[in-house]
Protein chains: 2
Amino acid sequence: MPAPLTEERDRLDRAALLDAAERLFYERGIQAVGMDEVRAASALSLKRIYRFFPGKEDLVVAMLRRRDQRWRDSLATFVERISDPRERVLAVFDWLAEWFAEPGFRGCAWINAHGELGSASAAVLAEVRSHKQAFHDQLAEWVRATGVAVVEPVFLLVEGAVVTAGISGDPSPARHARTAAAALLGTP
Amino acid sequence: MPAPLTEERDRLDRAALLDAAERLFYERGIQAVGMDEVRAASALSLKRIYRFFPGKEDLVVAMLRRRDQRWRDSLATFVERISDPRERVLAVFDWLAEWFAEPGFRGCAWINAHGELGSASAAVLAEVRSHKQAFHDQLAEWVRATGVAVVEPVFLLVEGAVVTAGISGDPSPARHARTAAAALLGTP
DNA sequence: ATCGATGGAGAACGCACGTTCTCAACACTT
DNA sequence: AAGTGTTGAGAACGTGCGTTCTCCATCGAT
């Protein structure tokens with residue numbers, strides 16, 4: 001019964017493939033990275049890659065979906081250690097500050113994918129919208145718990161900070177957005 | 001002395017070329033549009049196009065630069081009709097609301113270009129940063145005139161609104177950002 | 001009217017991409 | 001141990017890109 005062995009290998013290869021794709025696509029853009037480069041970075045054969053995903057678009061969507069899980073889990077884990085609702089919302093911006101300062105930070109993978117493929121690939125567009133909606137809803141819960149009706153402004157501050165830090169390469173938008181969010185939430 | 005005639009024709013052709021490039025690149029993305037399509041839309045010969053710009057990258061940069069002029073002029077003309085400093089800043093968001101509602105609105109051309117070419121083309125990256133800096137400085141003047149130190153938050157609200165409206169296709173971020181900006185500026 | 005240069009149209013080129021195919025090596029069955 | 005199906009590695013294929021080249025029409029000068 002060797003089936004479990006190949007299943008385990010599939011799992012690992014699939015993860016290696018998505019790791020390689022995510023890193024390359026985020027670093028250099030999706031269209032700028034060829035499937036052959038993904039093959040080299042993942043140490044898989046092209047045939048095996050196309051067995052996992054029938055086309056590049058499917059790989060991109062799967063990569064975005066898995067990144068969405070990781071990204072939102074990481075954020076939630078970080079902010080939900082803080083129990084005070086107001087401080088919890090402000091912690092979102094602390095998490096952003098850490099993210100912006102990471103080497104290789106290049107802005108939001110979904111916004112970048114949207115700029116690149118939003119008009120060419122309906123599947124990618126749907127994935128981008130799905131991520132933004134999911135993040136919005138997650139954030140909305142945290143903001144609503146403060147009792148102050150500022151969900152939309154706080155969301156827009158986050159998006160503005162991510163975009164601005166991504167383009168300028170400067171992490172200070174996280175600080176500015178945090179200060180503004182604190183003002184909108186009012187003095188405690 | 002026929003020189004003025006060819007100079008005038010150059011001016012017109014160059015404008016037609018940049019018009020066509022701007023429309024196509026904004027609608028469908030830069031990498032998704034080939035030079036042959038730009039040729040067809042501009043009704044120029046490929047040879048003539050390459051006489052104006054030695055490569056596609058130069059055309060993209062020139063297109064972004066001209067769009068920057070038009071975009072910021074349009075915004076400035078709109079908001080500078082309003083003399084009250086506070087209302088002038090809020091008018092920025094009214095201008096955004098009109099822009100977002102335009103048919104074919106697809107977010108910020110510079111953010112999209114950054115997502116597509118920011119890591120591949122230093123010239124495009126520089127042009128994107130230059131535009132964002134220029135807009136930031138323009139906005140900073142208007143905000144400073146209110147006497148309230150909220151330049152950065154207002155800037156981030158604008159960026160967040162543009163990105164969110166571009167992805168979702170919904171113009172309401174302009175309203176939400178306006179409300180938040182009014183709150184940050186304080187009650188008059 | 002003829003010559004020569006200029007410029008237009010688009011065919012042609014080289015390259016790189018996404019995808020598919022070939023074929024040899026291997027593992028598992030009888 | 002021989003056969004058979006499956007897999008891996010990468011060559012091959014078709015397409016479409018950015019760019020250059022070829023040819024021919026046009027037009028001003030002599």
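Chain letters run A, B, ... following the sequence lines, proteins first, then strands; residues in each count from 1.
If you measure from atom CZ of Phe52(B) to atom C1' of dG8(C), you get 13 Å, rounded to the nearest angstrom. When rounded to the nearest whole Å, the span between NZ of Lys47(A) and P of dC23(C) equals 13 Å. For the pair Phe53(A) CZ and dT19(C) C1', the computed distance is 16 Å after rounding to whole Å. Between the P atom of dA25(D) and the CZ atom of Arg48(B) lies a distance of 20 Å, rounded to the nearest Å. Between Ile49(B) atom CD1 and dG7(C) atom P there is a gap of 16 Å when expressed in whole angstrom units. Atom C1' of nucleotide dT20(D) and atom CZ of Arg39(B) are separated by 15 Å, given to the nearest angstrom. Put simply, CG on Leu59(A) is 14 Å from C1' on dT19(C), counting in whole angstrom units. Note: CD (Glu57(B)) to P (dG18(D)) measures 13 Å, nearest angstrom.
Within the 4.5 Å cutoff, the side chain of Arg70(B) has no heavy atoms near those of the Asp73(B) side chain. Between Arg67(A) and Trp110(A), some side-chain heavy-atom pair lies under the 4.5 Å cut-off.
In the set dA9(D), dA9(C), dT19(C), the nucleotide with an atom closest to the side chain of Tyr50(A) is dT19(C). Of the candidates dT19(C), dT20(D), dT7(D), the closest approach to any side-chain atom of Leu46(B) belongs to dT20(D).
If you check distances only, the side chain of Lys56(A) never reaches the base of dG18(C) with a donor-acceptor pair under 3.5 Å.
Against DNA chain C, the stretch residues 29-37 of chain B makes no heavy-atom approach under 4.0 Å.
Using cut-offs of 30° and 60° for the angle between ring planes, the Phe155(B) and Phe135(B) rings count as tilted.
Other residues, nucleotides and ligands contribute at most 12 non-hydrogen atoms within 6.0 Å of the CD atom of Glu141(A).
Ion pair Arg66(A)/Asp19(A) flagged as a salt bridge, since at least one NZ, NE, NH1 or NH2 atom sits closer than 4.0 Å to an Asp/Glu carboxylate oxygen.
Ile167(A) approaches Arg129(B) most closely through the heavy-atom pair O-NE, 2.7 Å.
With respect to Trp142(A), the side-chain contact (heavy atoms from CB on, under 4.5 Å) criterion is satisfied by exactly one of Val151(A), Ile82(A), Val89(A), Val154(A): Val89(A).
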